[in-house]
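We're numbering straight along the sequence, starting at 1. In listed order, ligands and their atoms are each counted from 1. Worth knowing before you read on, the calculation uses all heavy atoms, side chains too, and leaves out hydrogens, waters and symmetry mates.
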Amino acid sequence: MQRLRLEISGAVQGVGFRPFVYRLAHRYGLAGWVSNTSKGVVVEVDGDAAILAKFADALLKEKPAISIVQNIRSKYLLAAGYTSFKILKSTGGKKMVFVLPDLATCPECSLEILDPENRRFRYPFTNCTNCGPRYSIINTIPYDRPGTTMSRFRMCSKCRNEYDDPYDRRFHAQPNACPECGPHLELWDSGGVTLARRDDALGKAAAEILEGKILAVKGLGGFHLIALASSDEAVRTLRSRKGRKMKPFALMFTSISQISELCVVSSEERKSLQSPRSPIVLLKKRDDQNSPMHISELVSPSNPEYGVMLPYTPLHILLMNEIGVPVIATSGNLSDEPICTDEIEALERLRGIADYFLVHNRPITRHVDDSILRIFNGREMILRRARGYAPLPLSMDEEAESVFATGAHLKNTLALSIGKNVFTSQHIGDLETVQALEAFDEVWNSIGALYNAHPDIIAFDMHPDYISSVKARESHIRGIPVQHHIAHIYSCMLDSGARPPLLGVSWDGTGYGTDGTVWGGEFFRIEGGTVSRIAHLRRFRLPGGDKAAREPRRSAFGLLLKLYDDPLEHLPPGTFSQGESDIMKKMISSKLNSPLTSSAGRLFDAVASILDLHQIIEFEGQAAMSLEHMIGDKKTEESYPVEIQRPEGEPMIIDWAPLIEGIIIDASEGMDTGIISAKFHNALAESIAAVAETAGEKKVVLSGGCFQNVYLLQKVQDRLENMGYELFIHRNLPPNDGGIAPGQVMAALMMNSEK
Ligand code: ZN
Ligand code: ZN
Ligand code: FE
């Protein structure tokens with residue numbers, strides 16, 4: 001007889017781990033105990049060595065699907081003489097537990113709500129230990145019902161029995177509820193007058209959606225706007241009310257088979273769609289759509305993909321079952337604002353957008369948007385990290401000082417490191433509206449409070465005027481400014497496990513450079529703790545400064561002026577008037593409001609403008625997306641020449657002049673835009689390969705919004721791997737500015753240790 005002691009850390013609390021261990025111990029006839037402690041879950045069992053080994057093996061193999069074991073320590077000790085197996089009370093102490101993300105409804109709960117014999121038939125707030133809300137309802141940890149927004153609901157005796165029974169799937173399921181004792185639905189008109197309650201509200205809401213009305217639906221982490229995807233009229237109305245002309249809307253389907261009728265779905269994509277994280281997955285539209293279902297062209301215009309998700313709460317499952325056809329499910333907000341979470345606030349903010357409001361009385365503690373990802377080479381690559389993923393941490397090699405980071409200006413997230421773990425907040429958004437700044441403050445306060453953190457360092461963007469930087473400087477913690485593109489590379493290092501020495505390629509739209517110019521096409525060598533900028537794209541001036549981000553034609557003008565006396569000759573007719581051209585020339589020659597940039601994003605913009613794809617855009621990255629989409633299946637290995645200049649004692653310069661000249665010639669000869677675009681992308685991949693060759697580092701890290709471009713990413717990967725380089729890309733953190741905050745944490749820790 002021996003005693004086995006296991007200490008299991010990670011996301012192991014509030015996931016049904018203790019009852020699982022309890023059942024397992026009974027299966028093997030072992031006596032002992034299991035408990036939640038500050039370290040995680042601790043188990044002790046007495047038994048025969050062979051059986052103990054089997055028990056430990058089964059524990060890891062069969063652990064609850066939603067748990068994440070970060071580390072497990074096992075010790076064999078003298079038998080303690082236990083006579084039975086017990087679940088002990090949690091012990092106190094400073095807790096270092098993970099707050100779990102919200103999890104999609106599990107298969108068992110899904111069956112219950114569709115079973116007329118079940119007491120939870122058609123109950124939209126059904127959940128169990130394996131599924132349901134977590135992060136969106138937690139006020140304080142430890143994760144117990146009084147610390148959640150479910151504290152206002154008193155469990156009925158049936159729910160209470162489930163909650164207390166270690167053999168029940170709802171043992172210690174904190175949001176446990178039923179129609180007797182839990183939250184309920186109401187349907188409101190746009191003035192907040194109640195039209196229907198409970199199941200009646202659900203049925204009426206579905207009927208209104210089928211009629212073509214736009215509904216604001218309070219879900220898990222906030223409001224969706226829901227409209228019939230087949231109706232041009234409904235989509236057009238939603239677009240005009242929301243002020244969103246072209247940006248694709250996400251779709252919700254009733255089932256995976258329904259998705260397969262309209263989209264190409266690989267087994268990996270199916271797995272992500274059906275996972276407890278239930279993200280929006282970007283899927284290729286089918287060419288051979290012979291489905292009775294119809295999706296309006298206006299849902300995702302001139303885009304080969306749909307963003308698609310499955311219903312992930314009982315409410316969505318029931319609603320979709322009533323509707324039966326795909327709907328648009330887009331964030332309940334005006335363009336670029338954070339998602340709305342409160343029904344009274346929703347009436348105000350979504351006034352004039354939604355015809356009806358389907359609401360409920362379970363409060364949402366914090367906004368959590370739907371996550372967005374794509375499958376690239378068989379693995380998830382996350383583009384917006386929120387529901388299902390946040391706030392799970394990524395792990396560093398070693399424990400370090402606690403750092404708080406305030407992130408980027410666009411696609412803002414916050415990050416906090418404690419010990420070895422780096423926690424990244426849910427997506428907050430562009431810090432350009434009052435609502436976004438409120439959300440920023442709320443997340444800042446709540447992330448610190450949740451983990452009871454007292455950071456030693458605050459990291460922030462170098463930009464002198466960003467509100468995230470200004471607020472960081474105002475705090476009384478020691479501040480470390482971090483350059484935007486360096487933060488990108490450190491973010492990918494944390495994400496992918498790449499360790500120096502390495503070459504970091506950081507390409508995106510905009511970031512404040514250490515020389516005060518606008519960076520965005522940068523190459524860094526990282527050796528130990530030293531970062532040197534070894535190359536960048538050739539610079540040009542952006543007439544109008546910030547305006548250029550929305551107007552690709554301004555990038556084109558500034559860039560062409562480096563090569564030609566009259567840019568207008570090489571721009572599509574009518575792009576600018578002669579008067580506008582004269583003003584911009586003056587701005588540039590006098591260096592007035594026309595900053596220098598080495599941005600790759602602006603180079604994409606310029607090419608999109610020259611090819612007349614976009615002169616003015618609606619959303620960030622739109623021009624680059626169109627350029628990528630133009631390629632379609634037009635394959636070519638051809639490329640434009642790119643010149644690398646090597647000025648003495650300065651970073652190398654990648655000169656796009658021959659590339660632009662080539663594009664202008666091809667376009668004037670009437671070459672297909674898709675082929676031109678492919679040659680342009682190929683040239684960029686070549687330029688990265690050329691710098692990599694000169695740098696001589698065997699490891700190459702890619703980060704920044706440009707590497708959301710799958711064609712470019714694949715080209716660079718093929719090219720570098722052929723040359724024997726090891727490539728590191730983003731998977732768990734977004735390549736875009738959503739990944740900046742954890743990158744700032746890593747960069748600040750590096751700079752701090754170098755001092
Ligand atoms: Zn469940
Ligand atoms: Zn109940
Ligand atoms: Fe960026």
Task: Three-point angle C131:SG, the Zn ion (ligand 1), C128:SG, rounded to the nearest 10° - done: 120°
Task: SG (C106) to the Zn ion (ligand 1) to SG (C109) angle, given to the nearest 10 degrees - done: 110°
- [ ] Could you tell me the separation between the CD atom of E186 and the NE2 atom of H360, rounded to the nearest 0.5 Å?
- [x] 11.5 Å
- [ ] Look at the aromatic rings of H485 and H488 and report parallel, tilted or perpendicular, splitting at 30° and 60°.
- [x] tilted
Open item on the list: Would you say CZ of R154 has more than 12 non-hydrogen atoms from neighbouring residues, nucleotides or ligands within 6.0 angstrom?
Closed with: no
TODO: Take atom CZ of R473 as the centre, draw a 6.0 Å sphere, and report whether it contains more than 12 heavy atoms from other residues, nucleotides or ligands.
DONE: yes
Open item on the list: How wide is the angle at the Fe ion (ligand 3) spanned by D508 OD2 and H484 NE2, rounded to 10 degrees?
Closed with: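 Angle OD2(D508)-the Fe ion (ligand 3)-NE2(H484): 90°, rounded to 10°.
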Open item on the list: So, of the N/O/S atoms that D737 has, which is the nearest one to the Fe ion (ligand 3)?
Closed with: OD1
